[in-house]
Amino acid sequence: MVTIHPLISPWGRFGLYSFYIDAPEPAIVDTGIASSPSDGMAPALEALGRRIEDVRWILLTHGHIDHVGGARALWELTGRQAKVVIHEADAHLLRSRRAHVQQYVDVRQQYLHDPEGVEKQTRTADGAISGEMEPSVLVRGGETLSLGGDVTVSVHAIPGHTAGSVAYVVDGQDDVFVGDAVQVHGAANGFPGYEDPRAYRASLEHLRDVRPRHLYLGHPYRTADGVPYGVELDRDQARQALQGSLDVEARVADAASRYLRDGVRETDSPYSPFARVAEELGYTGDPTLEPSPFFTTLHGYKELHDHG
Ligand SMILES: [Zn+2]
């Protein structure tokens with residue numbers, strides 16, 4: 001059995017979570033932002049009697065800024081020894097700061113109408129990403145990575161939150177790292193965020209079949225009452241979180257499809273053009289607060305409706 005330790009770094013209203021896999025070739029799952037490796041991970045590892053320079057694997061669950069931002073800095077701290085792993089569909093987000101701004105321009109900008117939006121996104125990408133880099137290992141799902149001794153990790157493709165989201169499963173002990181692929185009711189913004197609703201649902205069903213013994217999440221996601229789950233769920237909590245995520249997706253899908261059938265309407269509401277969906281779902285959070293999961297997710301349903 002290999003031991004897993006959560007490593008926490010603060011970022012504004014969010015706590016950023018990485019996980020240390022204490023294998024012969026130690027691994028860190030997700031890297032927070034630029035400052036996280038030196039300010040959050042290094043002291044936390046030292047307290048465990050481990051050294052950040054000994055880390056040999058950097059396993060990225062997906063390309064979002066708060067997961068890949070610290071990758072370059074962490075890789076440098078390992079003397080460039082660690083292998084950096086990411087799914088090929090999210091690799092551009094590791095290679096390029098501009099790709100994060102482009103993602104905003106392609107989807108959220110058309111709903112947020114913020115004249116300074118691009119400037120703000122550029123500033124965030126510059127500050128939160130420690131450096132652009134080429135991944136060492138590109139995965140698509142189905143690979144097995146050897147962390148030394150008899151410790152292996154399987155890669156499962158679980159697209160939906162992003163196209164290149166993956167789960168890392170520690171073989172033989174069913175510890176599963178999913179990043180942001182299990183959203184329940186969403187994190188701080190109170191709405192679940194996923195780019196591709198159909199893929200998101202299929203990935204949740206896949207994870208349910210994996211039956212995680214422990215499920216490790218990228219953020220403390222919320223229950224229906226707004227109470228945050230921890231980021232380390234046991235088997236029962238994992239089952240609940242997966243079923244809960246499927247139930248929430250079904251509700252959002254139902255509200256979105258009825259509304260989209262009638263045609264979207266621009267209004268003065270901050271939820272425009274999806275004001276009726278927010279109303280029906282009882283969503284009262286601020287939809288403009290980045291990363292704006294409300295617009296990312298409803299844009300996904302609109303794409304499905306418009307293009308099948
Ligand atoms: Zn994410």
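Numbering of ligands and ligand atoms starts at 1, following listing order. All heavy atoms count here, side chains included; hydrogens, waters and symmetry mates do not.
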Asker: Quick check: does H161 have an N/O/S atom under 2.8 Å of the Zn ion (ligand 1)?
Answerer: yes
Asker: How close do L112 and T288 get, heavy atom to heavy atom, and via which atoms?
Answerer: CD2-CA, 3.6 Å
Asker: Have a look at H64 and say which of its N, O or S atoms is nearest the Zn ion (ligand 1).
Answerer: ND1
Asker: Flag D66 as yes if one of its N/O/S atoms falls below 2.8 Å of the Zn ion (ligand 1), otherwise no.
Answerer: no
Asker: Looking at W57, Y168, F177, which one forms a ring pair (Phe, Tyr, Trp, His ring centres under 6.0 Å) with F19?
Answerer: F177
Asker: Please name the residue in the list H62, M133, R95, H100 that meets the side chain to side chain contact (heavy atoms under 4.5 Å, CB included) test with V68.
Answerer: H100
Asker: From the N, O or S atoms in D180, identify the one nearest to the Zn ion (ligand 1).
Answerer: OD2
Asker: Name the residue from I28, V85, L93, T31 that meets the side chain to side chain contact (heavy atoms under 4.5 Å, CB included) definition with L60.
Answerer: T31
